Structure formats: C-alpha cells, structure tokens
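In each ligand, atom 1 is the first atom listed, and ligand 1 is the first ligand listed. We number each residue from 1, following the sequence as shown. Here the structure is a predicted model, which is why all the values come from computation and not from measurement.
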Amino acid sequence: MMSKAARAVASPRIVSVEDFRPAARRRLPKAVFDYLDGGAEGEVTLRENRRAFEEVTLRPRQAVVVPQCDLRTRVLGLELALPFLLAPVGYSRLMHPDGEVAAARAAGAAGTAYILSTISGHRMEDVSAASSGPNFYQLYIIGGRAAAEGTIERARKAGFSALVVTIDTPVAGMRERDYRNGMAELMGGSLLAKVPFLPQLLARPGWLAHFLLDGGMPALPNIVIPGQGEMPLIDVKAALANAAVAWADLRWIRDLWRGPMVIKGILTAEDARRAADEGAEAIVVSNHGGRQLDGVSATLRVLPEIVAAVKGRVEILMDGGIRRGSDIVKAICLGAKAVLCGRAYAYGLAVAGEAGVRRAIEILRTDLDRTLHLLGCPSIAGLDSSYVNVPASWR
Ligand SMILES: Cc1cc2nc3c(=O)[nH]c(=O)nc-3n(C[C@H](O)[C@H](O)[C@H](O)COP(=O)(O)O)c2cc1C
C-alpha cells in the first residue's frame, strides 16, 4: 500500500508548488507550520514579495519554434542544470526528520545547489556526503567567533563550495505567529512548558510519530561551542540574539574561508556596492522571505536598482516569493543570474520528505520549460529585459 506521503506526492491535485502549502498545513503541528509559512510583524513584505511578481508582465515573441529549452546557468563558476538553488531553511529537520539531508539530495539529483543553514538538525558532513552536490554553507555567527571559526573549517573539509553569509539578522524579526504559538517554549522550554502543546502535536500523529522516532531534534550539531559542545535546540530569537554581523566580520570571515563568499540579505544599491568592495563573489538580494524587517520593499522591486549599481562586479542572486517558473523568468529578465527558493520546496519537504522536494523541483522545472517555450526564448541565458514590462512607477 502507498504511504500517505507517497500518495500526496503522486496526487494529480498537486499541480503547482502552492498546492503543497495546504498539504503542509494538514501535516504539521500549527506552531511548526506557522514558523515555516509566516513572516514578520504585519507580514506586509511577505505579501509584497508575491505582489511584485504580479506587477511585472511578460512580453512573448510569437511564432518562434523552440525545439528544446536550455535551462542551465552558471553560478560561481559552477554549471547548474536549473536557474534556481534551494535556500537555507533553518530547522528543516522539524519539518521532516530527513530535513536537510533530503533537501540536499533532491537538489543534487536535479543538478542544482543546496544551501545548508547554520540552524540545521543534521551534521554538515552527513548532508554533504548524502548529496551529489554542489552544496553551499550558510553562516550565522551563533555561539561567537570561536564557534564560527570551527564551523568554517568544518565546511571547507566537508567540501562545501561556497560560504553564504546572511547579514539581515542583527536580531530576529518579530514573527508574531511564533510568539502567539509559544515557539520559544516549544523549542527551548522545560518538559512541563511543552505540555500545552500536546493537543496540537497529538492532532498530527503522522508528524509526531516521525518526530519521536527521530529522537526529537535534540541539538544544532553544526554549532559547536569550544568547551561546551553542540548547541542545544533553542528558538530562532535566542539563536540570533548575539549573531549580528558587521562589515568588519565579513572581512574576517573572507580571510578565514578563502573560497567564494556570497553575501545574503542585500536590499540597496549602497550595500550591494559595499559587498563588491569587500570582495564578495556574489550577493543575494533578499529580505529573508519577509521574516526580518517588515515594511522593506519586495526583492523583485529593488533588483533593477542593484543590478545597475554593481555593474557586473558581483553575481546577483535573488529570493523572496518565488512560487512559479514564470517568477524565476521575471527575476532573471531583471538581471538575476539565478534565484533561491525557500518555502517553495520546504512545503514539499514537510509533506513528503525528499520525494516532496523532488516533486517541487520538478514542478518548477516543467514550469520554466513551458514558460520559455511560450515566450519564444530558447534558453535561460537568452532572457533579458525585453521579455518583461515593468510598471512605470518602478522607474
Ligand atoms: C522556515 C524558514 C527558515 C529560514 N531559515 C533561514 C536561515 O536559517 N538562514 C537564512 O539565511 N535564511 C533563512 N530563511 C530565508 C530563506 O533562505 C530565503 O531567504 C527565503 O525563504 C526566501 O523567500 P521564499 O520563502 O518566499 O522563497 C528561512 C526561511 C524560511 C521560510
């Protein structure tokens, strides 16, 4: 008999990656779903990220027959089969026990890259060994510089191709859903503090059985504090409490790492130029999926300004609100080399582990292929601003 997860993945009703969202809501306890789905404060930026894609329209070339579309792109000298990477998503192991390993495997199998969050429930060595890669490591300086130094060394030894340093988390954003749900108690509280969560956990027996069989998610194994060992599981606000990154830290990180460095969380031309000056090879135009400073612009909206400012000195990636192949096409037309997808694959992960991520990637791949055919453009490399209309108010 087919498992519930396999049935969910095979269902003809899963047509777009958005279809995984209600399925994830049914699968996860409320607190975990809201952590994945939610944004900061009034969630204005979360909504704006999506709305911006609706404001940009496509300009197809008709009567162009393209036998086969080429979806490849190059990022940091690596050839990727697809113009999207899987974004770092903290606590993925809470969504599914295979968490980060499953996501990395699915990305590798599809010929694209996976970015492993510092806030991971699986050891970075296991993630790297499980996938055919390439994998990038996303760094937070949680636990202080000494812990970060050890992490950077481990990431190099484990074969990570690039270091992605996230700079938009001087403190954690005010994710109101997490406060209302009591995420801090669920993640870091005593056993007694977890008792009120029992009804919502028992209401999701499939998730609970997986979680208990996995032994819970006891620690954050990639944050090892010298003299103390692995950091125990804590909520995101506590984790980010002393993890602010300044430009001087970036120089220090760069010198330690010596490989390609990507700076994630850029929203202005000024910071993009600064990142290039500091020697970043790439930047991610990102507002953390609307989870940090609410009220900042949609990332698609600020992309053109940043592309114009850096003048090709760094590669530009972007993320925020990508749910369809046409979203990816629009971002590339406006100057991104590739995009990162966060929730688009994480909903699939929550529903069916690796199979769910594979399906989400496949949906985006076929979306992309169809969109290029309909646009009359043979390749991702051939996309440019002539394929989109941008509202006059953006100029
Ligand atoms: C549940 C969740 C956890 C995240 N954890 C991290 C993280 O640990 N590090 C990081 O740099 N970004 C993190 N992000 C932000 C993503 O990397 C990415 O910027 C964002 O999800 C893009 O928006 P999208 O979800 O609309 O695709 C997280 C996002 C989500 C949804």
Nearest neighbour in protein (non-hydrogen) for [atom]:
atom                    : value
atom 5 (N) of ligand 1  : Gly90 N, 2.9 Å
atom 12 (N) of ligand 1 : Lys264 NZ, 2.9 Å
atom 7 (C) of ligand 1  : Tyr140 OH, 3.4 Å
atom 27 (O) of ligand 1 : Gly342 N, 2.9 Å

Item to check | Asp168, Asn49, Asp294 screened by side-chain hydrogen bond (donor to acceptor under 3.5 Å, both in side chains) with Asn287, the one that passes | outcome: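 Single side-chain hydrogen bond (donor to acceptor under 3.5 Å, both in side chains) partner of Asn287 among Asp168, Asn49, Asp294: Asn49.
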
Item to check | Nitrogen or oxygen atoms of Arg291 and ligand 1 under 3.5 Å apart | outcome: no

Next on the checklist: For the 3.5 Å polar cut-off, considering only N or O atoms, please tell me whether Tyr35 and ligand 1 meet it.
Outcome noted: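 Checking ligand 1 against Tyr35, no N or O pair falls under 3.5 Å apart.
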
Atom indices of ligand 1, in the order listed, that fall short of 4.0 Å to a heavy atom of [X]:
X      : result
Ser286 : 19 (O)
Arg343 : 23 (O), 24 (P), 25 (O), 26 (O), 27 (O), 31 (C)
Thr166 : 10 (C), 11 (O)
Gln138 : 7 (C), 8 (O), 9 (N), 10 (C), 11 (O)
Arg323 : 24 (P), 26 (O), 27 (O)
Ser117 : 7 (C), 8 (O)
Leu36  : 1 (C), 31 (C)

Checklist entry - Looking at the rings of Phe160 and Tyr137, which for Trp means the six-membered one, are their centres under 6.0 Å apart? => result yes

Check for a donor-acceptor pair, side chain of [X] on one end and backbone N or O of [Y] on the other, with a separation under 3.5 Å.
X      : Y      : value
Tyr345 : Gly356 : no
Arg204 : Trp207 : no
Glu281 : Pro260 : no

Salt bridge check, [Y] against [X]: does any charged N sit closer than 4.0 Å to a carboxylate O?
X      : Y      : result
Arg93  : Asp214 : yes
Arg123 : Asp126 : yes
Glu354 : Arg358 : yes

Next on the checklist: Looking at ligand 1, would Tyr91 count as a contact under a 4.0 Å heavy-atom criterion?
Outcome noted: no

Checklist entry - Once the angle between the rings of His96 and His210 is folded into 0 to 90°, is it parallel (under 30°), tilted (30 to 60°) or perpendicular (over 60°)? => result tilted

Checklist entry - Between Ala239, Gly321, Ser120, which one has a non-hydrogen atom sitting closest to atom 26 (O) of ligand 1? => result Gly321

Checklist outcome for this item: Heavy-atom proximity to atom 19 (O) of ligand 1 ranks first, among Leu340, Asp319, Leu85, for Asp319

Next on the checklist: I need the contact type for Pro88 against ligand 1. Using non-hydrogen atoms and a strict under-4.0 Å cut-off, is it side chain, backbone, both or neither?
Outcome noted: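 For Pro88, the contact with ligand 1 is made by both the backbone and the side chain.
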
Next on the checklist: Pairing donors with acceptors under 3.5 angstrom, does anything connect the side chains of Asp37 and Tyr347?
Outcome noted: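 Judged by distance alone, the side chains do pair up.
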
Checklist entry - Taking atom CZ of Arg324 and atom CD of Glu18, what is their separation to the nearest 0.5 Å? => result 7.0 Å

